[in-house]
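Read through the structure below, which is laid out as structure tokens, and then see the notes.
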2 protein chains.
Amino acid sequence: MESSDFIPNLAYDSVIFGFSGDQLKILLMEYHNTGLFALPGGFVKKTENLDDAVRRGLAERTGLTHIYLEQFHTFGNLSRHKPEVMKTILIANGHDPNGPMRWLLDRFISVAYYALIDYRYVIPRPDELSDSCTWYHVDQLPELILDHREIVNKALENLRENLDRKLVGMNLLPEKFTMQELQRVYEAISGTSFRRTSFQRKMLAMEVLIRHEKKYSGKAHKAPYLYSFTRK
Amino acid sequence: MESSDFIPNLAYDSVIFGFSGDQLKILLMEYHNTGLFALPGGFVKKTENLDDAVRRGLAERTGLTHIYLEQFHTFGNLSRHKPEVMKTILIANGHDPNGPMRWLLDRFISVAYYALIDYRYVIPRPDELSDSCTWYHVDQLPELILDHREIVNKALENLRENLDRKLVGMNLLPEKFTMQELQRVYEAISGTSFRRTSFQRKMLAMEVLIRHEKKYSGKAHKAPYLYSFTRK
DNA sequence: CATTATTGTCTCATTTTGTAACAATAGTAC
DNA sequence: GTACTATTGTTACAAAATGAGACAATAATG
């Protein structure tokens, strides 16, 4: 990680949403020997588009390309600059805080993105400073460094606002899904519950769903249809 | 303007909306002797919050403080880096493009904000590189440098999305206004027209308006009430 | 075949929205 | 003053959207 390749004082952070077991989850990194948790983030190369830097980082962290990404806010308060936190992390990783990684102690303005991905295909990979890169239920997050908690909150807020405007479900679910699964996604994001029949009527009225074959679960009841979204 | 005071490679641009004569307008700067138009922008000091940098710039450009501001996107494509444009501007202003202002030719990632302001109170002031800082109707903008046209489009898109979520009218109108004036604002932003009676019913149902005395225009018809928003 | 759980659809009441009508003015013309 | 005009605030009714429940269909089980 060579400082001179990157735009100074500029970083990005990503809130990576996945859905499993009726729950909305996000990926968090845990730094070696510190118990500190953070959002996956990175830096922007001097000869790279901002969006591409984020996609590069996401690919490294999840193994996925072609990810649904939304930029939602840029965090630029001075209060987010806490060099002592980064110093702790560097020391815990055996780096000299006055060595070649010293630039990590600088002030960073961070452009925040959220990603929606199909949970099943992710292979979380920690980076060199981290032990783990793991899914956490959004309602049970550990304490996060710097302003990362605020970033998550703003991501959630934004995701909720987009729930009715964009086809959020499309990116969190497999290609084919049942109406119930789709409803669970909407409920997890909005934090409320919907009436089954109203939800079904609303979704079908949007005319973005294609109905496929039934899905036999082996359970003793009528089998639901599988649906997919019309446009890829 | 001393390069070393600022965060390198980071700028902001502002889309300043005002409303007058039933039209939505924005403030544009014209650079000396070039015929080039741009959004008012600036740079962030190393010891300054991002938001504060923007407020500082807005105050300089408009004379106003306490402005309604929304950050809406950060533009970070390589394609927005066109050093020859900035070079032209520097030369036209009698600066040496290899002199102390050379840093202006660097690549900049720009955080974009829009502001909503009461047109009447603005005293537009050009900066040192500009002849003018003038209002332009959003449908009749001159050609803009770099990606500033894209920035305006995205600002408009964002403003439209916020039209029903936030009290947009509050910031573009005087303290007291008629229902018709409010409707004109909504129509100018949305680009559509609304039925008078439905609009009135909708606004009153929101219960955010206080009705005041009537406004006598001197015209031969019933005088409309003046309204204000409940919360400041 | 009866039972159970769940699904897709339909029905009806309620609420919201679209549309037009109407009465109330504030001026002008006379 | 009265008649007339333009615009406003409100009401009335139709149409559409939504909330809430009923109901039939069906995939398993015993």
Side-chain angles (χ1 to χ4, degrees), chain A residues 19 21-22 160-161 163-169 173-230, chain B residues 19 21-23 160-161 163-165 167-169 173-230:
Chain A
F19 184 78
D22 296 358
R160 282 189 187 125
E161 286 170 1
L163 187 53
D164 285 320
R165 284 211 307 267
K166 306 190 177 178
L167 296 178
V168 164
L173 288 170
E175 175 73 19
K176 293 184 181 178
F177 48 86
T178 65
M179 194 60 78
Q180 184 176 202
E181 288 168 336
L182 184 61
Q183 184 172 348
R184 296 272 188 275
V185 169
Y186 273 72
E187 290 177 337
I189 293 175
S190 73
T192 65
S193 60
F194 303 109
R195 182 165 292 266
R196 182 182 63 88
T197 56
S198 302
F199 182 82
Q200 176 136 341
R201 176 170 55 187
K202 187 171 140 190
M203 286 300 136
L204 294 177
M206 288 169 63
E207 300 196 342
V208 296
L209 294 180
I210 302 171
R211 178 177 286 178
H212 301 279
E213 73 280 5
K214 292 186 173 186
K215 181 191 179 189
Y216 298 93
S217 60
K219 300 281 180 58
H221 54 73
K222 187 174 178 178
Y225 289 105
L226 285 169
Y227 297 87
S228 67
F229 286 98
T230 48
Chain B
F19 184 77
D22 297 359
Q23 294 187 326
R160 281 188 189 125
E161 285 171 2
L163 188 53
D164 285 321
R165 285 211 306 266
L167 295 177
V168 164
L173 288 170
E175 175 73 19
K176 292 183 181 177
F177 48 85
T178 66
M179 194 60 79
Q180 183 176 203
E181 289 168 335
L182 184 61
Q183 184 171 347
R184 295 273 188 275
V185 169
Y186 273 71
E187 292 178 337
I189 293 174
S190 73
T192 65
S193 60
F194 303 109
R195 186 166 290 265
R196 181 183 62 89
T197 55
S198 301
F199 182 82
Q200 176 135 340
R201 176 171 54 189
K202 187 171 141 190
M203 286 300 136
L204 293 177
M206 288 169 63
E207 300 195 343
V208 295
L209 294 180
I210 302 170
R211 179 176 286 180
H212 301 279
E213 73 282 3
K214 292 186 173 185
K215 181 191 177 190
Y216 297 93
S217 60
K219 299 283 179 57
H221 55 73
K222 187 173 179 178
Y225 288 106
L226 285 169
Y227 297 87
S228 67
F229 285 98
T230 48

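Convention: sequence-line order gives letters A, B, ...; per-chain numbering from 1.
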Between Arg160(B) (side chain only) and Ile189(B) (backbone N and O only), is there a donor and an acceptor less than 3.5 Å apart?
yes

Where the side chain of Lys222(A) is defined as all heavy atoms beyond and including C-beta, which of dG8(C), dT7(D), dT4(C) is the nearest nucleotide?
dG8(C)

Assuming nearest nucleotide by heavy-atom distance, tell me which of Gln200(B) and Ser198(A) is located more 5' along DNA chain D.
Gln200(B)

Of all the heavy-atom pairs spanning Tyr216(B) and Ala223(B), show the shortest one and how long it is.
CD2-CB, 3.7 Å

Please answer whether the main-chain N or O of Ser228(B) pairs with a side-chain N or O of Glu175(B) as donor and acceptor at a distance below 3.5 Å.
no

On the nucleotide dT9(C), are OP1 or OP2 found under 4.0 Å from the side-chain N or O atoms that Tyr225(A) carries?
no

Regarding Thr197(A), tell me which of base, sugar-phosphate or nothing describes its non-hydrogen contacts under 4.0 Å with the strands shown.
base

To the nearest angstrom, the OH-P distance between Tyr227(B) and dT8(D) comes to 10 Å

Selection from dG18(C), dT6(C), dT7(D) that lies nearest to any side-chain heavy atom of Arg201(B):
dG18(C)

Within residues 176-196 of chain B: residues closer than 4.0 Å to DNA chain C (heavy atoms):
Arg195(B)

If you look only at distance, which donor and acceptor atoms sit under 3.5 Å apart when one is on a side chain in residues 196-207 of chain B and the other is two or more places apart or in another chain?
none

Of residues 206-216 of chain B, the positions that come close to DNA chain C - non-hydrogen atoms, cut-off under 4.0 Å:
Lys214(B), Tyr216(B)

Looking at every non-hydrogen atom in both residues, tell me the closest pair between Phe19(A) and Ala188(A) and how far apart they are.
CE1-CB, 3.6 Å

